[in-house]
Amino acid sequence: MELLLYVALFSPLVGSLFASLFGASKKNIIAGIVPSLLLFTSLVASSILLAFVLSTGQHVKVEMMTWMATGDLYIPFGFLVDQVSVTMMMVVTIVSTIVHVYSIGYMDHDKSFNRFFAWLSAFVFSMMVLVMSDNFAGLFIGWEGVGLCSWALIGFWYHKESATWAANEAFIMNRIADLGMLIGIFLVYWNTGALQYAEAFAAMPGLEHATLVWMGIFLFIGAMGKSAQFPLHTWLADAMEGPTPVSALIHAATMVTAGVYLVVRANPLYDLIPSVGIFIASLGAFVALFAASMALVNRDMKRIIAYSTLSQLGYMFVAAGLGAYWVALFHLMAHAFFKALLFLGAGNVMHAMHDELDPFKMGGLKKVMKGTFIMMTLASVALAGIFPFAGFFSKDLILEVGFVEHHYIIYSVLLFTAGLTAFYSFRLVALIFHGEERYKIFGVHPHEAYKFMLIAMSPLLLLAVTAGALKMTYFEMVTAVLPATEYHVHSAATYWIMTIGTQLFVIAAIAFAYKKYANSSVKVPDGTSAIENRLCYKVLWNQYYIPYFYEEYFVKPYRELSSVFWRYVDMKVVDATVDGIANILYTTGEKTRVMQNGNLSTMLRWMVVGLVVLLSLAVVFGLAVRHSDEISLFLSGLGVK
Amino acid sequence: MLEPVNVTLESLNLMTLTPMLIPIIGALLILVIDLFKSDLHKSLYVMLSILFLFMDFAVLANTSGVVAQNGTLMGVFNVMHIDGLALLSQFIIVIASMLFIPLALTSNSFHEFSYPEFFALFLFMISGFQFMVATDNLILVFVGLETSSLALYTLIAMHNRDKSFEAAVKYFTMGALAAGFYSFGAMIFYALTGSVEINQIAAVLSANGYADIAYLLVGVVFMLAAFGFKLSLVPFHTWAPDVYEGASAPMAGFMSIVPKIAAFVVAMRIFEFLVHSGIVWLEVILYIFVVVTMTAANIWALVQNDVKRMLAYSSISHAGFVMAAILIGTTQANSALFLYWVLFTFTNLGSFSMLWISRQKHIPIYQASDHSYNKFAGLIKTAPVAATIMALFMLSLAGIPPFALFWGKFYMIASAVTGGYTILALIMALNSAIAGYYYLKLIVYMFMKEPVQGADLYVFTNNASLSLRTIVGVAVMGTIFAFVAVNPLLEFITAFVYNSGY
């Protein structure tokens, strides 16, 4: 089993290194195929581990080596496969294998094909380190690793200004949050004396409540950055500058859910501080609504899906914050499948439309892209939460959690958001696939993606459709390590009313979306229609003016401040000091180099001078020794001891 | 009527002389061959020299086995004194010489290597150095010193440029003065103790409790001046930059290594027992020497415009750095000295060889001197491999891990700290930082500047014959993979140093 663990962990690394061998050379299909195969190996290994954990209920734990041992600090490089991490491993390896295969087709014409796979596999490796580590230090390494790979992949087309900007934005936002995370980890170590999950959590019940609250808050700040929760959410939508498979893998299925994973992993901590949990849940509910509202009016296909991801992450945090960790993890898993599918479908559409992202400029694509059409529709159905698709089981469960825990405000917000979710998802589907073929105006000739790309996507489709059926098996498995609370609405009548009501509400939202956007009267908006001039439209369109606010009140003052520091502190104080020291050394050198004037007589004189100085010192010392008594007498006369 | 002295051959222990006799025989053989047939190619002499050096090495290896078992070997009326220090330094001398000689095989023919005498003198010089380290008799040290020095002066002059003659004459004149200092110092020691053997001197001095401290200090001053000259300690260093510049590049590299290790060993023998017996004056003076040499040479190196002169000053600074070991005087420090010098051998010989490879017969107009910095400008574009190798040596000299000299500096500073010289350790570290500047300056020139218009793009490729490449390759390997060898090497060295009582 240990060997399997290593295989699962290191195959992506090998793949990455292999692809990077070709980094500087021309596109080589091998650089795509080998990492994909290695990821498949990792998937197989993870599946065997899953089967093992599922059948025996045991954990696989290895200590690879001592990573740090200085003084009291002892951090072994350990890895742990338990029910939680094996879930994450499965999600990561399944989605990444599919995305890798898909990318072979998607990146076909890109000249940096090899580099893409090197980074993509490096990402998977970091993600595996993140989820498999058995201590906070390893988690943090993975955490930073995925951040780095995400940066490189968002800015993959670095010649585009917007891509590099988005990459830097994501990186900087995450650094801010990572500081919080780091402080949280320090607090954990400082107070519990351990970084291993098991030991740290075991020590926590004995700590003061306030300390625990700070730990919980700081760790959650880290989670907020990685999972793009308000107010650190702006980077996620901009991260869509990266290639679409990257969006599918990193910014939908895996990396952004790391925050949720962290909260789930730290469940013993959050159980002790329910107040922080309520805060997390409230923030999650807020983000769910907030992001969904922005998705309503957006005209960028990928950004709509990104906002949807944000909204769904909000759902997960609600569940995690309310202590329903297994529900959060379950939604994480189901979401990974249908969201990745949605993104890959969007990738197909983008390819077909020559990188056009505005769904208003498409329409009627179902005739040419039947496969993609079916997949995206089903993924949207799953996202909307229609029975019997995956989203129904996982998302409705979160609503039930809110209801059962008597957080009715959260419940209503989430219910309303579910309607919005259905609306914007089908707005997108309707605009892309139904209605008139508006793309003809722009002279585009769409075509379906390669067949193997569609085949690669099909496992995701299967999982998006059926993952819900795994609910009970899943429940039994993860509750071995997570709190096993089942959420049942007490009376059967209420339950049925709720469920059917939600379904009807969602279906109505879908129908409305179809009615509004699937007809032939949809035009490409040109900024003149009445709705575009309404205030609420403008607010949503400008993302509540938050990016503007950040620019005006954080970025600009910061730049001003930096410039002041640069001009006055750095140039005048720091640089001047350093230059001063250097100049002193330099001028000393220049002045004294005349000693070396090449004249033999001078040189000989220097030698003799040296000798004479030494001799006189020796004489002085010799005399001092000989007359030491007199000298000490003399000195004592002067009052020197 | 004098009694005839009866000496048995066994008591002479002539085996102790073999390592020195081998290069002498080699030199004589070369001279004899030249006498009979004068127009032979230089490669024959190179091969002969290497052959004899190799035999020398084999004998040394054999002797080291004996010494490791039986302790110090004495021979020839106790004049020869083969201990761990003698062996370690001879190993360094012979290995450095073996790395040096093949550099004669450049593709361009240079003047000095066309004389067979060059090789004969070279071998005489080696045996001189070997005598110097393998005795504690001040007279034999003097003989060895002079044999090697006289040979060295000639070798420098054979480079056959105006600057070389100048360098040789300067070196010779100042060397004569230093020799005077040495003999004066030795005389005072003899007058005080009635012996010219260092261990006898030490015994007599400690027996009478250093009664004549004033006279002793005068003797020490003369010795310090003499070794200050040989080790190029400030202010006795003035010869070094000019001589390095005048000598051919590999000769300069050789001079920065081999004569100095020989001088270090003798200095260790003379000064350490004095430091240990609590002569505060000497400790203070050595401290000043170490700090001033390190720092001043570093500061001068900053302002050089010629890479070779920069390396000359840097070698002075390195010598000052290593001199600290003699001040500290613990086994750890002395072992660190040898370790440092082994690693320095590879790196410094490598960097001087790179200069040698870039040697031009005629200096182009845009260059102020033979190896001015702008000759290396933009080297990464014209000769990427050469630039990388040169950068590697510079990084090693600057003490950047994991390259060779980092370990030398590391153990040296560590020994200073454990020896209780914390401030000295700090000064050493600061100096390494200053030194970083001028080594990196060359890297900046090579990697970040544009090549000078009309520069000869083929300087490096033209001159790099197979043997030169091999030597540079060996130096590169030694520099990169030093971290593998450091621990076993240090164990080996420490065992020898400890056994010889230092």
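Keep in mind that what you see is a predicted model, and the values were worked out from it rather than measured. Every chain is numbered from 1, with letters handed out A, B, ... down the list of sequences.
Taking chain A as the reference chain and counting heavy-atom pairs below 4.5 Å, the highest number among B/P241, B/A214, B/A296 is found for B/P241. Interface summary for chain A: among B/V220, B/D242, B/L177, B/V234, the most heavy-atom pairs under 4.5 angstrom belong to B/D242. Annotation: maximal heavy-atom pairing with chain B below 4.5 Å, among A/L617, A/V619, A/T588, A/L623, occurs at A/L617.
Dense packing is recorded around CG of B/N208, with more than 12 heavy atoms of other residues, nucleotides or ligands lying under 6.0 Å away. Heavy-atom contacts from other residues, nucleotides or ligands closer than 6.0 Å to CD of A/E161 number 12 or fewer. Residue A/Y6 qualifies as enclosed at atom OH: its count of foreign heavy atoms under 6.0 Å is above 12. In B/F172, the CZ atom is not crowded: 12 or fewer heavy atoms of neighbouring residues, nucleotides or ligands sit closer than 6.0 Å. Other residues, nucleotides and ligands place no more than 12 heavy atoms under 6.0 Å from the CZ atom of B/F410. In this structure, B/K441 places its NZ atom where more than 12 heavy-atom neighbours from other residues, nucleotides or ligands lie under 6.0 Å away. The 12-atom threshold is exceeded at OH of B/Y287, counting heavy atoms of other residues, nucleotides or ligands nearer than 6.0 Å. Crowding of A/K572 atom NZ: a count of heavy atoms from other residues, nucleotides or ligands under 6.0 Å not exceeding 12.
For B/T238 against A/M603, the heavy-atom pair with the smallest separation is O-CE, 3.1 Å. The shortest non-hydrogen separation linking A/Y586 to B/L302 is OH-O, 3.4 Å. The minimum heavy-atom distance linking B/I434 with A/L585 is given by the pair CD1-CD1, 4.0 Å. In this structure, B/A225 and A/L611 approach most closely via the heavy-atom pair CB-CD1, 3.5 Å. The two residues B/W281 and A/L614 come nearest to each other via the heavy atoms CZ2-O, 3.6 Å. The two residues A/A618 and B/V221 come nearest to each other via the heavy atoms CB-CG2, 3.8 Å.
Neither the backbone nor the side chain of B/L216 comes within contact range of chain A; no heavy atoms are under 4.5 Å apart. Contacts of B/I288 with chain A are absent, with no heavy-atom separation under 4.5 Å from either backbone or side chain. Neither the backbone nor the side chain of B/Y171 comes within less than 4.5 Å of any heavy atom of chain A. Contact annotation for B/Y438: neither backbone nor side-chain heavy atoms come within less than 4.5 Å of a heavy atom of chain A. For B/F222, the parts lying under 4.5 angstrom from a heavy atom of chain A are both the backbone and the side chain.
Here the CG atom belonging to A/L600 is positioned 7.0 Å from the CE atom belonging to B/M174, to the nearest 0.5 angstrom. Atom CD1 of B/I279 and atom CZ of A/F621 lie 8.0 Å apart (nearest 0.5 Å).
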Show your reasoning for whether side-chain contact (heavy atoms from CB on, under 4.5 Å) applies to B/F181 and A/M607.
-> CA-CA 10 Å; B/F181 289 161; A/M607 281 182 75; 4.1 Å; yes
